[in-house]
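Have a look at the structure below before the remarks.
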Amino acid sequence: MTRAVYPGSFDPVTLGHLDVITRGSRFFDEVIVGVLQNSAKSPLFSVEERVNILKETTKDLPNVKVCAFDGLSVNFARENQATVILRGLRAVTDFEYELQMAQTNHVVAPDVDTVFLTTRLEYAYLSSTIVKEVAFFGGDISKFLPPPALKAIQSKLQSKPMK
Ligand code: PNS
């Protein structure tokens, strides 16, 4: 049985993330999506909100679980008896950072390997940050997000008017 963790900020989950989760769930017996709690970034959604959005988004994928985590991704993997860290690679701009993380993680935890899935071309440009920016300025983000994330961002923006 091979279990993978898929760590990230997911603020919020995009269709690109969902594509990686869905394809990963076919490769691995179980995929645990880990929502990072201690991010230096100040997220739009609380960790509980991000976990709930992801749970709703992945509810039809029986071998996918979602939880919050704090600290190192490799520790999160080990705590869950996972031998793989799954990450998506969008473009060459992701590569340097992702390679550095994967190599560092492998030195810290040689029993955990990073596996990359290249994102599908149609999602190669997508990022949560860009989607939030389009949303803040009133643009249509319906093509970028799974329905639970779209609903959540719309209600968040209604309760948090633009400054
Ligand atoms: O969605 P993101 O923001 O690209 O995810 C980045 C993430 C969460 C995978 C990365 O920041 C991470 O692994 N953070 C946990 C702390 C850690 O393990 N740092 C060492 C990586 S070399």
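Each ligand, and each atom within it, is numbered from 1 in the order the structure gives. Because the structure is predicted, anything quoted here is derived from the model rather than measured.
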Are there any protein N or O atoms under 3.5 Å from the N or O atoms of ligand 1? List them with distances, or say none.
{"unit_1": "ligand 1", "atom_1": "1 (O)", "unit_2": "Ser9", "atom_2": "N", "d": "2.9"}
{"unit_1": "ligand 1", "atom_1": "3 (O)", "unit_2": "Ser9", "atom_2": "OG", "d": "2.6"}
{"unit_1": "ligand 1", "atom_1": "3 (O)", "unit_2": "Lys41", "atom_2": "NZ", "d": "2.9"}
{"unit_1": "ligand 1", "atom_1": "4 (O)", "unit_2": "Arg87", "atom_2": "NH2", "d": "3.0"}
{"unit_1": "ligand 1", "atom_1": "5 (O)", "unit_2": "Arg87", "atom_2": "NH1", "d": "3.3"}
{"unit_1": "ligand 1", "atom_1": "13 (O)", "unit_2": "Ser73", "atom_2": "OG", "d": "2.6"}
{"unit_1": "ligand 1", "atom_1": "18 (O)", "unit_2": "Ser73", "atom_2": "N", "d": "2.9"}

Electrostatic pair Glu49:Lys156 at N-O distance under 4.0 angstrom:
yes

Minimum side-chain heavy-atom gap Asn105-Val112 below 4.5 Å:
no

With the side chain counted from C-beta on, respond yes when Ser73 and Val5 share a heavy-atom pair under 4.5 Å apart, and no when they do not.
no

For Glu133, look at atom CD and say whether over 12 heavy atoms of other residues, nucleotides or ligands are found less than 6.0 Å away.
no

Do Val35 and Val66 make a side-chain contact, defined as non-hydrogen atoms from C-beta onward lying under 4.5 Å apart?
yes

I want to check something: taking the side chain as every heavy atom from C-beta on, are Ile153 and Phe45 in contact at a cut-off of under 4.5 Å?
yes

